[in-house]
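Data block below; observations after.
From a predicted model like this one, the values you see are computed outputs, not experimental measurements. As a basis for the values below, the full set of heavy atoms in this structure was taken, side chains included, without hydrogen atoms, waters or symmetry mates.
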Amino acid sequence: MMQLVDLEKAFQAKIDQEIKIEPKDWMPDAYRKTNIRQISQHAHSEVIGMLPEGNWISRAPSLKRKAILIAKVQDEAGHGLYLYSAAETLGMSREQMTEDLLSGKAKYSSIFNYPTLTWADMGAIGWLVDGAAILNQVMLCRTSYGPYARANVRICKEESFHQRQGFETLMVLSQGTPEQKAMCQDAINRWWWPALMMFGPTDSESTNSDTSIKWKIKRKTNDELRQQFVDMAVQQVKVLGMTLPDPDLKWNEERQHYDFGEINWTEFWNVVKGNGPCNKQRLDAKKKAHEEGAWVRAAAVAHAQKKAARTTQKVA
Amino acid sequence: MMQLVDLEKAFQAKIDQEIKIEPKDWMPDAYRKTNIRQISQHAHSEVIGMLPEGNWISRAPSLKRKAILIAKVQDEAGHGLYLYSAAETLGMSREQMTEDLLSGKAKYSSIFNYPTLTWADMGAIGWLVDGAAILNQVMLCRTSYGPYARANVRICKEESFHQRQGFETLMVLSQGTPEQKAMCQDAINRWWWPALMMFGPTDSESTNSDTSIKWKIKRKTNDELRQQFVDMAVQQVKVLGMTLPDPDLKWNEERQHYDFGEINWTEFWNVVKGNGPCNKQRLDAKKKAHEEGAWVRAAAVAHAQKKAARTTQKVA
Amino acid sequence: MEQSNNDHTALVDYVLHLADNNLILTQRNAAWCGHGPILEQDIAITNITLDLIGQARNFYQYAATLIGGDATEDSLAYLRNERSFKNCLLVEQPNGDWAQTVTKQFFYSVYQFLLYEQLQKSSDETLAAIAAKSLKEVTYHVTWSSDWVIRLGDGTTESQQRMQQAIDNLWNYTGELFEPAAYENSLHQQQIAPAIATLQPAWLQKVKEVFAEATLTIPENSFVQTGGKNGLHTEQLGYILTELQYLQRTYPGANW
Amino acid sequence: MEQSNNDHTALVDYVLHLADNNLILTQRNAAWCGHGPILEQDIAITNITLDLIGQARNFYQYAATLIGGDATEDSLAYLRNERSFKNCLLVEQPNGDWAQTVTKQFFYSVYQFLLYEQLQKSSDETLAAIAAKSLKEVTYHVTWSSDWVIRLGDGTTESQQRMQQAIDNLWNYTGELFEPAAYENSLHQQQIAPAIATLQPAWLQKVKEVFAEATLTIPENSFVQTGGKNGLHTEQLGYILTELQYLQRTYPGANW
């Protein structure tokens with residue numbers, strides 16, 4: 001039997017050679033835990049992320065937009081499913097993940113604790129929130145844990161489609177009536193900073209980054225991804241003829257990147273700690289659905305058992 | 001002690017002399033029962049009648065109309081209270097009446113089993129439904145049972161105010177945009193026949209009429225009241241510049257009344273039997289309120305008891 | 001010429017009726033999105049909803065072509081009032097619990113399946129094409145909803161009671177599906193649509209089969225509530241339209 | 001001149017803020033009409049609602065005068081969008097059960113009482129007059145809602161739990177009442193309105209007194225949710241406005 005130290009060396013060697021880690025492979029406990037935490041958090045984000053957009057399905061302003069929005073929210077449910085499955089390969093049960101979400105033990109992306117106040121928010125979420133998520137997910141297509149990497153490949157395809165739809169939604173508003181233009185700018189103003197916060201604390205504050213990069217769970221730091229996002233958004237907002245709500249945004253010739261203003265980290269940590277505008281509302285909605293669905297799940301189990309019993313009887 | 005037959009004679013003599021019967025007076029069982037049935041039915045009608053109008057409070061098209069509508073629905077709750085009190089003087093408890101309403105044993109005016117589909121219905125209900133109710137209630141101001149007569153005096157004052165407001169609501173619509181005019185005519189079309197049905201079956205079919213008139217519970221027959229209503233409405237609809245949905249409406253020189261078409265008695269009996277468009281919805285709403293209010297009523301009782309106990313302690 | 005005008009009006013009304021049925025049920029079902037009892041079923045009902053709105057759009061687009069002028073799928077969905085909508089009362093009834101939702105879907109999907117089976121043979125090529133294309137979708141809706149009716153009916157004591165309650169709440173709205181409106185009669189005469197009443201026996205047969213397996217019973221009170229097909233709705237529809245139409249009403253003429 | 005323009009804008013915003021608070025709470029409370037737990041209390045909450053809408057109309061009418069032009073009480077209530085409404089987040093929160101409704105009313109009425117007490121001394125005569133006239137009404141609202149908080153808090157185990165849950169649901173929205181928006185600061189400088197933050201101790205004192213009698217406790221998490229006064233609302237408000245404004249949006253320019 002191999003010594004722990006050899007197992008760890010062999011594991012790191014695989015990582016270094018860009019060989020994916022698969023469910024049955026040996027892995028350090030911390031690697032397993034970090035992946036479970038990250039994958040389940042990603043799954044929860046997809047599932048909670050259905051709520052702010054679902055909020056506008058009944059009020060979508062055209063049949064086409066309504067169909068697109070329904071499809072998008074459904075895709076998010078699908079992503080949640082792939083991701084829960086990926087986490088299950090690490091020995092975490094779906095029930096446990098659900099419980100941890102509802103109890104507040106597990107986190108999800110804080111962005112979904114902001115309210116969707118106008119139709120333009122559907123565009124801004126697609127453009128900025130999905131846009132930020134994609135940068136992360138593109139990186140995660142190459143994450144070292146195989147099932148998670150493959151889940152991200154599937155997710156990325158759909159997400160970039162969503163992002164384009166979001167941008168196009170804003171595009172139409174930006175060319176619309178004065179009210180629509182104002183709605184568009186207002187949504188960008190409200191979602192810009194929370195989108196920047198999606199990449200997490202600055203590298204100097206981030207606790208898990210070092211090992212995550214050594215194990216190739218992540219390949220870029222929070223700040224690298226955030227900068228990439230800012231550089232991209234600055235170009236795109238020009239196409240919309242709108243502005244980003246940051247007076248400090250400026251091209252830095254030396255860095256060859258855009259400088260941007262200070263993020264309100266107090267707000268960030270408040271939302272993480274549960275004090276965002278919608279934390280309670282989001283979890284309450286999920287708790288309600290879970291509680292009101294209990295009898296349905298119980299009935300499904302009871303019926304399956306009855307059916308199985310009948311089949312056994314017939315066979316016997 | 002007086003013989004039963006003498007009591008009955010004395011009772012009828014009072015009635016004939018237009019002396020009101022009061023709660024402590026002797027009265028025939030059938031008189032008591034008829035009054036309980038009629039008063040509680042009237043009370044239930046006020047309370048259920050809150051629902052179709054309450055349906056438009058959140059959507060009332062101006063602040064003034066909203067305030068008027070809220071006040072009106074509240075008045076109906078008040079009428080319900082007077083009437084329940086009047087019925088209680090006859091030995092019927094409020095709890096029993098509520099139970100009978102919710103179980104479907106007690107009836108209420110069938111008119112409230114029709115839906116309110118547009119804002120114009122608020123006008124049509126005021127004009128036609130309250131209009132029909134008033135004719136009945138004006139008569140009932142002189143009913144032989146004192147408490148019920150006095151309750152009707154109070155009710156009539158408020159109801160005629162409501163009727164004027166309803167008519168004025170339609171008046172504004174009738175002078176409005178083409179859509180508003182259409183909405184106005186449509187509401188009249190839908191409420192006209194159900195309003196005529198409010199007076200109950202034709203005299204030849206009516207079971208309780210004879211004794212009711214002998215005991216001066218009623219002073220006019222269903223058909224007399226209905227004719228009075230038709231004659232009135234035909235004049236008023238002209239002011240609105242609208243029409244009543246009855247091709248058979250015609251002045252009858254000989255009778256000095258308007259002839260009108262045949263009422264759809266099949267529909268009438270269907271609605272009475274519980275198959276109107278909203279019977280289930282109305283009772284379900286009341287059951288839900290009652291069930292969801294159970295803990296509130298229990299808490300109010302518990303608190304009152306605690307408070308009483310504390311007072312007793314202090315005194316002792 | 002007048003006959004032909006009447007025929008045309010009847011066709012428009014009929015197509016709107018088909019479209020409205022689907023749109024209103026879309027509006028109802030979509031409320032589950034993110035709130036379902038099981039994530040997989042959240043996805044399933046949303047899938048069905050996507051099929052429904054897709055079909056609705058096909059019908060509205062066709063209606064817009066028939067009407068001509070400025071009519072679009074959106075003007076028809078967003079700018080008609082509560083008295084113009086021609087959907088059956090069934091589809092506007094509240095979602096209630098999961099039992100009521102699957103029961104409503106089951107009643108509607110079985111009806112829709114039988115209707116589209118006939119409609120794919122319609123002499124109106126557009127309707128025939130939409131029906132043919134949608135039939136596969138509806139076949140799945142029938143399977144899915146039947147499975148749930150059986151699962152809940154033959155599940156726990158509570159689920160059985162909830163199912164029976166749901167059926168009792170909705171049953172009186174099923175008869176309307178098979179009571180032809182004037183435009184349905186007209187379309188039948190034009191050989192565009194089936195005689196809708198003739199589909200009732202097959203519908204009842206299917207319902208009875210599924211109910212038998214689900215240990216559920218058909219209510220005794222079979223009084224038929226009607227009106228929706230002719231624009232006379234329950235108080236439910238008004239609220240559905242306030243949400244559905246709010247943005248179009250608030251920003252008239254804007255593109256989205 | 002610019003200063004005076006700013007002052008004027010602040011006054012308009014402030015009056016709209018006062019009006020919106022009342023209108024949105026009217027919209028919430030009125031949903032109980034016909035659905036209350038006890039007929040007498042159905043009447044009581046509707047009475048309060050009538051007072052609220054009456055005050056709202058006074059404020060909107062005053063705002064319309066200040067704005068001039070085509071502005072009316074109805075254009076201000078019915079034709080502004082979700083980002084223009086200036087009500088506190090508290091009043092737009094769902095009714096929930098009777099416990100949550102009376103708790104919301106209690107928090108709001110105590111605040112309103114303290115505010116109107118000061119406002120009746122305002123240098124703005126119209127505001128002073130409205131406040132003075134409304135104070136008697138609000139005094140009753142405080143009594144009624146305090147009584148219910150005590151009755152339910154010190155009632156049964158269930159009612160006590162429900163009350164505590166209601167308080168937990170609403171508490172974080174109470175701080176906003178006393179965090180001045182820019183227009184409130186401006187109005188204070190103009191000596192038209194009180195420094196709203198200075199009213200908080202008295203409010204807290206009253207709440208504590210009533211809670212003590214009711215055996216209820218103030219939640220530990222006292223994070224303050226804000227935004228409503230500046231038009232940044234919860235997702236609740238949009239739905240309230242769809243219903244409130246539907247007819248005016250659907251039939252623009254019509255008289256009712």
Side-chain angles (χ1 to χ4, degrees), chain A residues 48 50-61 104 112-122 124-125 173 177-191 193-194 245 264 266-285 287-288 291, chain D residues 20 24 75 78-90 92-97 100 104 162 164-176 179 219-246 249-250 252:
Chain A
I48 295 281
M50 298 168 73
L51 299 175
E53 294 179 292
N55 185 43
W56 281 88
I57 291 176
S58 69
R59 293 174 288 174
F112 301 118
N113 292 319
Y114 289 86
T116 53
L117 300 181
T118 74
W119 170 252
D121 290 12
M122 299 300 100
I125 287 180
L173 295 177
T177 65
E179 289 104 326
Q180 287 178 305
K181 285 180 190 169
M183 198 186 270
C184 180
Q185 183 63 58
D186 171 59
I188 294 170
N189 292 349
R190 283 183 289 109
W191 290 97
W193 291 106
N264 182 344
T266 312
E267 176 178 325
F268 174 78
W269 289 113
N270 269 326
V271 180
V272 170
K273 276 185 283 182
N275 291 322
C278 301
N279 297 57
K280 188 172 181 332
Q281 181 190 338
R282 300 292 181 236
L283 272 194
D284 282 353
K287 282 182 205 164
K288 184 165 180 281
E291 282 161 19
Chain D
D20 291 344
I24 299 302
S75 74
Y78 287 89
L79 302 177
R80 284 183 305 138
N81 67 27
E82 53 274 72
R83 301 282 283 116
S84 307
F85 267 72
K86 291 174 177 51
N87 59 281
C88 299
L89 301 176
L90 176 69
E92 71 198 37
Q93 297 312 305
N95 281 344
D97 59 8
Q100 186 153 319
K104 192 169 29 161
R162 283 176 178 266
Q164 197 59 58
Q165 182 63 55
I167 294 165
D168 293 351
N169 289 345
L170 297 174
W171 186 257
N172 292 350
Y173 297 110
T174 58
E176 188 193 12
E179 282 213 356
E220 281 175 23
N221 180 350
S222 57
F223 188 86
V224 177
Q225 297 292 347
T226 60
K229 287 181 178 181
N230 292 308
L232 199 62
H233 293 274
T234 63
E235 289 172 1
Q236 299 294 334
L237 185 68
Y239 292 97
I240 295 175
L241 297 186
T242 57
E243 272 185 48
L244 172 70
Q245 300 183 335
Y246 184 70
R249 298 294 196 180
T250 303

Query raised in the report: Hey, what do you get for CZ (D/F223) to NZ (A/K273), rounding to the nearest 0.5 Å?
Result: 8.5 Å
Query - Part of D/N221 lying under 4.5 Å from any heavy atom of chain A - result: side chain
Query raised in the report: What closest approach, in Å, do A/P277 and D/Y173 show between heavy atoms, and which atom pair accounts for it?
Result: O-OH, 4.3 Å
Query raised in the report: Between the side chain of D/E235 and the main-chain N/O of A/N55, is any donor-acceptor distance below 3.5 Å?
Result: no
Query - Contact class of A/Q281 relative to chain D, heavy atoms under 4.5 angstrom - result: side chain
**Report entry** 4.5 Å side-chain heavy-atom contact, A/R190 and D/L232
**Finding:** yes
Report summary line: Looking only at heavy atoms, the pair that brings A/P115 and D/H233 closest together is CG-O, 3.8 Å
Report summary line: One should read off an interatomic distance between D/N172 CG and A/K280 NZ, to the nearest 0.5 angstrom, of 9.0 Å
Report task. Go through the atoms of D/T242 and report whether side chain, backbone, both or neither lie under 4.5 Å from a heavy atom of chain A. Result -> side chain
Query raised in the report: For A/N275, does its backbone N or O pair with a side-chain atom of D/Q225 as donor and acceptor, under 3.5 Å?
Result: yes
